[in-house]
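When reading the values below, keep in mind they use all heavy atoms of this one structure, side chains included, and skip hydrogens, waters and symmetry mates. Residue numbers start at 1 and run along the sequence shown.
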Amino acid sequence: MGERLPIIYVRGFAGGQGAIDAAADDPFYGLNEGSVHVRVGANGTPQFYQYEGPLIRLVKEQGYDVRIEGSQQRVLLDAEPGTLRADSVWIYRFYDAAAGTFGSPSQAYDIRTAAQGLADFIALVRKKSTGHPPVYLVAHSMGGLICRTALQVNLKDPRASVSKLCTIGTPHGGIDPQLGGPIGGWILNTFGPQGSRIFAPEYMLEYLYPADAPGPARGDTRRLSGAFTPDRVLSIVGTNARDYDVALGLSSAVMGVQSDGLVAIRNAYVVGSARAYVHRSHSGRYGLVNSEEVYQNLKRFLFGTLRVEIGLRGLAFEEARVWQAEVRLAIRQLPVLIHEQTADHYCPVDLNAEAKRIPTPMSPVPLITVFLIPNPRNVARYALDVTLLSLEERGGIFGFGEHLEQIGDWQDSLIVEVVLSEDGALTQIRWEWNSTLTERPGMAELSNTLDWAAGRSADGSWHPVIPLPNVAARLLGDQASLALAVTHWN
């Protein structure tokens, strides 16, 4: 099991004064809310699936401590330094000063003030926790921008203060209505704090980057600055616009299908971070925060012991064609996919573009980053579904002469069984392509093995290679294979 450090939750935007007051009424700022709806199957039909909410699951499954006793802030202030449990959950209540229900005038909300308050809150949690550990930050939507501002501006030593950051539906690249014009402006002015300005790139540059430090290249606010690096970040990206019902669905109509209903897919991640794409909307009945998919990704990111980066190596595809890959990740006994990056959801992997970024032809084109968590039975089974899609392109025009709509050039599922020791160390990977199995993929015995071989690389990582089936090799080149990079994660 990975390190058990204090978790600080930072919620997203609440709305107008009434919504801020409602958020302040909740002891957990809504982070205890669960759900009973899940979309499963090819057509996404709603089904009943009872999910208890992320905070309750952390308490029940991970044994985390939640101290309230009238006020979490008072619990922290009254405790002697170094006496509180490190495996604890704290809610950063930055909206309380803006609430109008406590008998004093509400204060105007400001993201920079909230970020400084978060930095102070982190320092207080660390001071009062046993061992004065760094913390985990978990943030939804605008809360991720508060976290980034604290990390990039307010914390003197962010790596010592924060171990990991998970952002959920955060508009790292701002919010840009697809339709634009007065409708888009109305949405942001109605549902965005301080109107659209807080999510405009020019204003984001002001609060995300110190005045005495250079801003990101080309003004790309998705890029971190300072000592905190993107390899310590997980960006969870929502891809379901249709279920975001704010403003009677007008928000999702304005933001377009390439979004979670509010945040565009292309803006919802930190450049260089690990990413998980889940088919959930920004909030609501099918929202990101109150979903099994997000919790499963979160707990693996926080408590996993291994980081596995998977990519395609040695690609030699036809350059006259535009190539995309679809990637889905399933885990046995879970009713949902924890990663779903597909053309149907407007977020396939652009293989042509990714291939241009790699340093050498044999460098892997990244597909997915997975975090593995010890299993009580020491064996976990995964299915990585990969589909290749291509279209011929000449002079910027697509040709459809040999095209079969929605049919991949190749599709197969890699069934993987990860065998861990009792202390969470990887000992073996068993694998087989679904196309070669003679039984159901959830039950079949897997015939290929890869034994852990740490130490072959200078950093102790492991880089096994899994050959592709012959059909895929003919499409991508004889040297094409699935490359894994397995490293210890803490």
In the structure I gave you, are the side-chain heavy atoms of [X] and [Y] within less than 4.5 Å of one another anywhere?
X	Y	answer
Trp462	Ile429	yes
Phe228	Leu165	yes
Ile236	Thr167	no

field: salt bridge (Lys or Arg N to Asp or Glu O under 4.0 Å) partners of residues 302-316, not counting sequence neighbours, each pair once
entry: Arg307-Glu309

task: Identify whether the distance between the nearest side-chain nitrogen and carboxylate oxygen of Lys164 and Glu3 falls below 4.0 Å.
output: no

task: Flag the pair Arg328 and Glu326 as a salt bridge only when some basic side-chain nitrogen lies within less than 4.0 angstrom of an acidic carboxylate oxygen.
output: yes

query: What is the ring orientation for Tyr136 with Phe303, classed by angle as parallel under 30°, tilted 30 to 60°, or perpendicular over 60°?
result: perpendicular

query: Hey, what's the ring geometry for Tyr244 with His282, parallel, tilted or perpendicular (30° and 60° as the breaks)?
result: perpendicular

Does one side chain, of [X] or [Y], offer a donor that lies under 3.5 Å from an acceptor on the other?
X	Y	result
Thr170	Ser141	no
Ser435	Asp412	yes
Ser88	Trp90	yes
Thr229	Asp231	yes

message: Holding to side-chain contact (heavy atoms from CB on, under 4.5 Å), I want the full list of residues that pass it with Arg332, two or more places apart in sequence or in another chain.
response: Arg381, Glu417

message: Counting the benzene-type ring for Trp, do Trp433 and Trp410 have ring centres under 6.0 Å apart?
response: yes

message: Distance to the ring centre below 6.0 angstrom and angle to the axis at most 45 degrees; does that hold for Arg39 and Tyr286?
response: yes

task: Report, as yes or no, whether the 6.0 Å neighbourhood of atom CD on Gln479 holds more than 12 heavy atoms from other residues, nucleotides or ligands.
output: no

query: If you draw a 6.0 Å radius around CG in Asp478, do more than 12 non-hydrogen atoms from other residues or ligands fall strictly inside?
result: no

- prompt: Listed by chain and number, what are the side chain to side chain donor-acceptor pair (under 3.5 Å) partners of Glu293, not counting sequence neighbours?
  reply: Arg280

task: Kindly give the heavy-atom pair with the smallest separation between Tyr209 and Asp220, and that separation in Å.
output: OH-O, 3.7 Å

statement: Which of Arg223, Arg266, Arg148 passes side chain to side chain donor-acceptor pair (under 3.5 Å) with His172? It is Arg148

